[in-house]
Amino acid sequence: MTTATLYVIATPIGNLEDMTYRAVRILAEVDLIAAEDTRHSLKLLNHFGISKPLTSYFDHNQQIKGERILNALRQGKSVALISDAGTPCVSDPGYQLVRDAVAENIPVIPIPGACAAIAALSASGLPTDTFTFAGFPPSRHGKRCTFLSGMNALPGTLVLYEAPHRLLDTLNDIREVLGDRHVIVARELTKIYEECIRGTTSEVIATVSQSIVRGEVVILIAPGKVAPPENEALEKVLERLMADENLSVKDIAKQAAAISGVSRSEAYAEALKLRTIED
Ligand code: SAM
C-alpha cells in the first residue's frame with residue numbers, strides 16, 4: 001500500500017454488486033477510512049468483510065476532522081475517503097479535504113465507480129458530448145427559478161439531483177423557466193424499483209402527479225435551442241454558404257439549420273427567397 005495517500009473511493013448507489021474489486025482491496029489495505037456516516041458505511045464494510053479504523057467526515061465537522069485526517073496523511077498513513085453512496089465530493093463531502101491534500105502535495109488517487117449523475121446520463125438517450133451537472137437546485141421557488149434561468153442558454157444536457165418531495169415543484173419550475181423540454185426522471189437507479197420516466201416536462205409532470213414519488217431521483221433536461229449569436233443569424237449564415245456554388249439549396253438549408261438553430265424547412269424557405277433575390 002502506497003503510504004501518505006488519500007484514496008477517493010466510489011461506493012454503490014444502491015446495488016452492492018456495483019462495488020469494484022479495486023475499491024474492496026484498497027479499503028482493506030488503508031490505515032484509516034474516513035466516512036460520511038460511519039454507521040452507514042460499517043454495513044458496507046461488513047458486507048465485504050473489511051475491518052478498519054473508521055472516522056467520520058461530514059459537512060459539519062469538515063474543518064476539525066479534515067485537519068486530523070491531514071495529520072494522519074502527513075504522518076505517512078494511507079486514508080480512504082468514502083461517502084454514503086456514489087462518488088465522494090459529488091454533492092457529497094470531500095472537496096475541502098482533497099483540495100487541502102493537493103495543496104500539500106499529498107497524492108490523491110481516485111478509485112472510480114458508481115455516480116448517480118453519470119449512470120442516469122448514460123441511459124438517458126440525451127446528448128452526452130456536452131452536459132452540465134449542477135447538483136441540487138435551491139429548495140425555494142424564487143431561488144430555484146433564478147438558478148434555472150442561469151442555465152437557459154447553456155449548451156448540452158442538464159443534470160440535476162433532487163429530493164423526491166421537491167420533484168414536482170422543481171419540474172413545474174423547469175417548465176416555467178426552461179420551457180416544455182424533453183426531460184427524464186431517473187429514479188432508484190440500480191435498485192429494485194428502478195425506472196426512467198421520459199417525456200416532455202408536461203408529460204412527466206402528469207405521470208409524477210399520479211402518485212407519491214419515493215426514493216432517489218436524478219433529473220435530466222434536454223438541451224434547449226441555443227439562440228444563434230448575432231453574427232450567425234440565419235440570413236448571414238445563408239449568405240456565407242451560398243457563396244459556395246457547389247452546394248445545393250438543400251445542403252445549404254441543412255447546414256444553415258444546424259448552425260443557426262432553426263428548422264431545416266425554415267432555412268430552406270429562406271434560402272429559396274435569397275436565391276430568387278440574387279437571380
Ligand atoms: N455522491 C453521490 C453520487 O456520486 O451520485 C450523490 C450523493 S447526493 C447526496 C444524493 C443524490 O444523488 C440523491 O438525492 C439523488 O438525487 C442522487 N442519487 C443517489 N443515488 C441514486 C439512485 N440510486 N438513483 C437515482 N438518484 C440517485
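For this chain, numbers begin at 1 and follow the sequence in order. We count ligands from 1, going down the list as the structure has it; atoms in each ligand are counted the same way. Computed from a predicted model, the values in this text were never measured in an experiment.
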Counting from 1, what ligand 1 atoms have a heavy atom of G86 closer than 4.0 Å? 3 (C), 4 (O)
Nearest protein heavy atom to atom 7 (C) of ligand 1, by residue and atom, and its distance? D92 OD2, 3.4 Å
About how many Å separate CD1 of I109 and CG of L6, when rounded to the nearest 0.5 Å? 9.5 Å
Please indicate whether K52 has more than 12 foreign heavy atoms, meaning atoms of other residues, nucleotides or ligands, lying under 6.0 Å from its NZ. yes
Within a 6.0 Å radius of atom CD on E104, are there more than 12 heavy atoms belonging to other residues, nucleotides or ligands? yes
Is V217 in polar range of ligand 1, meaning some N or O pair under 3.5 Å apart? yes
Closest protein heavy atom to atom 22 (C) of ligand 1, given as residue, atom name and distance to 0.1 Å: L189 N, 3.6 Å
Contact (N/O only, under 3.5 Å) between A117 and ligand 1: no
Within the structure provided, determine whether Y268 and K273 are in side-chain contact (heavy-atom separation under 4.5 Å). no
Any heavy atom of A85 closer to ligand 1 than 4.0 angstrom? yes
For ligand 1, is there an N or O atom under 3.5 Å from any N or O atom of Y161? yes
Closest to atom 20 (N) of ligand 1 among E162, K191, E216 (heavy-atom distance): E216
Any nitrogen or oxygen of I13, side chain or backbone, less than 3.5 Å from one on ligand 1? yes
Mark up the atoms of ligand 1 that fall under 4.0 Å of a heavy atom belonging to A186, in ascending order. 25 (C)
Lys/Arg-Asp/Glu bridge criterion (N-O < 4.0 Å) met for R175, D180: no
Going by the atom numbers of ligand 1, which of them fall below 4.0 Å from some non-hydrogen atom of V90? 1 (N), 2 (C), 6 (C), 7 (C)
Is there side-chain contact between R214 and P164, with heavy atoms separated by less than 4.5 Å? no
Is it the case that over 12 heavy atoms from other parts of the model lie below 6.0 angstrom from the NZ atom of K191? yes
Whether V218 lies under 4.0 Å from ligand 1, heavy atom: yes
Please indicate whether K254 has more than 12 foreign heavy atoms, meaning atoms of other residues, nucleotides or ligands, lying under 6.0 Å from its NZ. no
From OG1 (T201) to CG (D173), nearest 0.5 Å: 11.5 Å
Would you check the N or O atoms of A116, main chain and side chain alike, for any that come under 3.5 Å of an N or O of ligand 1? yes
I need the atoms of ligand 1 closer than 4.0 Å to a non-hydrogen atom of E188, numbered in the order shown. 23 (N), 24 (N), 25 (C)
What is the distance from atom OG of S209 to atom CG of L168, rounded to the nearest 0.5 Å? 4.5 Å
Starting from atom 14 (O) of ligand 1, what is the nearest protein heavy atom, named by residue and atom, and what distance separates them? F136 CZ, 3.3 Å
When you check the gap from the basic side-chain N to the acidic O, do E162 and R187 get nearer than 4.0 Å? no
What protein heavy atom is closest to atom 8 (S) of ligand 1, reported as residue, atom name and distance in Å? S91 O, 3.6 Å
Is R187 in polar range of ligand 1, meaning some N or O pair under 3.5 Å apart? no
Between ligand 1 and C115, is the shortest N or O to N or O distance under 3.5 Å? no
The closest protein heavy-atom partner of atom 4 (O) of ligand 1 is T87 N, 2.8 Å
Residue that, paired with M151, satisfies side-chain contact (heavy atoms from CB on, under 4.5 Å) out of I221, L160, V177: L160
